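Everything on this sheet refers to the single structure shown next.
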Amino acid sequence: SVIAEIGAPLDVIIDDGGHRMRQHRVSLEELFPRRADGGIYALEDLHTAYETSYGGGYLSEESTVEFLKALIDQVNGGQALVRASRTRLQRASERLRRSENLPQ
C-alpha cells in the first residue's frame, strides 16, 4: 500500500521493520526492486541475522546476511558468480516459500 500511495522508483528506502529473517526477506523482495537506479536501501537490525532465535545464525542459509552476500556477488561478481548467486537466491526464496506454504 505504501508503494501505491507514494509511487516508485524510490530514491531512499529505510527498512526499520521486523527482526526475523522472513520479515527481512519479504521487505527485500518487495522493496529492493522498486529502488531507483543509484538509490539507497538501508536495512536496520541486521544483528538478528546472526541469532538462531530470529531464524538466522552464523553462515545459515536462512540468514539475511547470507542472502545479502549473494546479492553483493550478483552486483559485483563476474558472470560465473552472477549465475551462482541467482541460483542461490532462487533456492533461498523457494525454501522460504515452502516453509511458509507460500505460492511458488
Side-chain angles (χ1 to χ4, degrees):
S1 64
V2 171
I3 298 298
E5 183 177 331
I6 64 174
L10 303 169
D11 294 319
V12 177
I13 300 168
I14 301 172
D15 181 350
D16 186 14
H19 291 76
R20 303 198 58 75
M21 300 308 101
R22 180 186 63 77
Q23 294 166 323
H24 291 171
R25 191 72 50 88
V26 168
S27 293
L28 278 164
E29 288 178 351
E30 289 296 320
L31 296 173
F32 193 81
R34 290 165 173 83
R35 182 187 51 85
D37 286 343
I40 296 171
Y41 189 105
L43 178 56
E44 195 242 357
D45 290 325
L46 278 178
H47 69 283
T48 61
Y50 295 97
E51 299 180 29
T52 56
S53 61
Y54 288 98
Y58 179 63
L59 297 178
S60 165
E61 289 187 2
E62 281 73 30
S63 168
T64 301
V65 169
E66 294 303 314
F67 183 80
L68 293 171
K69 287 178 187 177
L71 285 177
I72 291 166
D73 288 343
Q74 212 174 37
V75 169
N76 297 302
Q79 285 303 310
L81 283 177
V82 170
R83 284 192 297 276
S85 294
R86 283 187 182 139
T87 301
R88 183 175 172 190
L89 289 171
Q90 288 168 348
R91 284 194 317 260
S93 291
E94 289 166 4
R95 206 172 36 254
L96 175 69
R97 285 184 177 86
R98 277 195 307 273
S99 70
E100 308 251 329
N101 294 320
L102 297 174
Q104 298 288 324

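Predicted model only: the values in this text are computed from it and were never measured.
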Under a 3.5 Å distance rule, please check whether Q23 uses its side chain to pair with a backbone N or O of R20 as donor and acceptor. yes
Test Y54 against every option in E62, M21, H24 by the side chain to side chain contact (heavy atoms under 4.5 Å, CB included) rule and name the one that passes. M21
OG of S27 to CG of L43: how many Å apart, nearest 0.5 Å? 7.5 Å
Same cluster or not: are I3 and I13 linked, directly or through other Ile, Leu, Val, Met, Phe, Trp or Tyr residues, by side-chain heavy atoms under 4.5 angstrom apart? yes
Heavy-atom pair with the smallest gap, counting every atom of V65 and L46: CG2-O, 4.3 Å
Here the gap from L10 atom CG to L31 atom CG, rounded to the nearest 0.5 Å, amounts to 7.5 Å
Write down the atom of A36, the atom of P9, and the distance for their closest heavy-atom approach. CA-CB, 3.6 Å
For the pair T64 (side chain) and A49 (backbone), establish whether a donor and an acceptor sit closer than 3.5 Å, ignoring hydrogens and angles. no
Which residue pairs pass the side-chain hydrogen bond (donor to acceptor under 3.5 Å, both in side chains) test with at least one member in residues 34-51, sequence neighbours excluded? D15-Y41, H19-D45
Once side chain to side chain contact (heavy atoms under 4.5 Å, CB included) is applied, do any residues pair with T52, and if so which ones, sequence neighbours excluded? none
If hydrophobic residues (ILVMFWY) are linked whenever their side-chain heavy atoms come closer than 4.5 Å, directly or via other members, who joins V12 in its cluster? I14
In short, L28 meets P33 closest at the heavy-atom pair O-CD, 3.4 Å
